[in-house]
Amino acid sequence: MLSRQQLRTEMRQRRQALSAATQHSAALALCQQILSQPDIMCQQHFALYLSNDAEINTSPLINALLNANKQLYLPVLHPFVSGYLLFQHYLPSMPMRTNKFGIAEPVWHCQHIKPVAELDVIFTPLVAFDDRGQRLGMGGGFYDRTLAPLNHLAAPARTPQLIGLAHNCQQWPELPIAPWDQPMAAIATPSHFWRFNAD
């Protein structure tokens, strides 16, 4: 069995090998997968991310959600607590900066932050996923740490839906799981939308 780090290397190579044409068509197909889910599209507050390192391109989905008058939020590195993310309101006209990982994020503004528990849907990046809804991230643990408090909410019905976004080629039969890994409620790829039990 491959280690978690070996899997990360394998899956990053898989997605980096995709042609520009494949990336483009995959991004459009992924967007349609999301738009065709009524229980998602009836929500209002969406956390997304800007794609990096050959991740499936979220730009078509971002544009579609903005056109549908949804409120969008992007992750920013927590300015005071290392290893955590905050989600900040996003519009294309807002000023952006490049963080220490070379990823664009909105310029920090405390009044534009949305508490995680008040988001309706959180789309997460991932390196690999399996058919149990398990997600393998890049290894920094930012999403796992940030989302962990949701496990203790008193009203699970109000918990944001956690949805991983990926290329088809990022599926793995069974991921090696760590205790801190946060499972997804759903995984969306260009060809499929998987839903998983909340428990």
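S19 places a side-chain N or O within 3.5 Å of a backbone atom of T22 that can act as its donor or acceptor partner. Side-chain atoms of D120 never come within 3.5 Å of backbone atoms of F46 as a donor-acceptor pair (strictly under, hydrogens ignored). In this structure, the side chain of Q170 engages the main chain of V127 through a donor-acceptor pair within 3.5 Å. When atom types are taken as modelled, the side chain of D181 and the backbone of A178 share a donor-acceptor pair closer than 3.5 angstrom. Listed for the R135 side chain is a donor-acceptor partner under 3.5 Å among the backbone atoms of P125. A donor-acceptor contact shorter than 3.5 Å is absent between the side chain of Q32 and the backbone of L28. When atom types are taken as modelled, the side chain of R132 and the backbone of L175 share a donor-acceptor pair closer than 3.5 angstrom. At distances below 3.5 Å, at least one donor-acceptor pair connects side-chain atoms of Q44 with backbone N or O atoms of N69. Here the side chain of Q171 pairs no donor or acceptor atom with the backbone of D131 at under 3.5 angstrom. Listed for the Q88 side chain is a donor-acceptor partner under 3.5 Å among the backbone atoms of H109.
For the pair R145 and Y143, the cation-pi criterion (under 6.0 Å, within 45° of the ring axis) is not fulfilled.
Counted within 6.0 Å of NE2 on H24, heavy atoms from surrounding residues, nucleotides or ligands total 12 or fewer; the atom is thus considered open.
Side-chain contact annotation: Q16 with D53, donor-acceptor N/O pair under 3.5 Å present.
Taking the six-membered ring where tryptophan is involved, the planes of H112 and H89 are perpendicular, since the angle between them exceeds 60° and thus also 30°.
In the hydrophobic clustering of this structure, M138 groups with W172; members are Ile, Leu, Val, Met, Phe, Trp, Tyr whose side-chain heavy atoms approach within less than 4.5 Å, directly or through other members. V76 and V121 are assigned to two separate hydrophobic clusters, defined by single-linkage of ILVMFWY side chains at heavy-atom distances under 4.5 Å.
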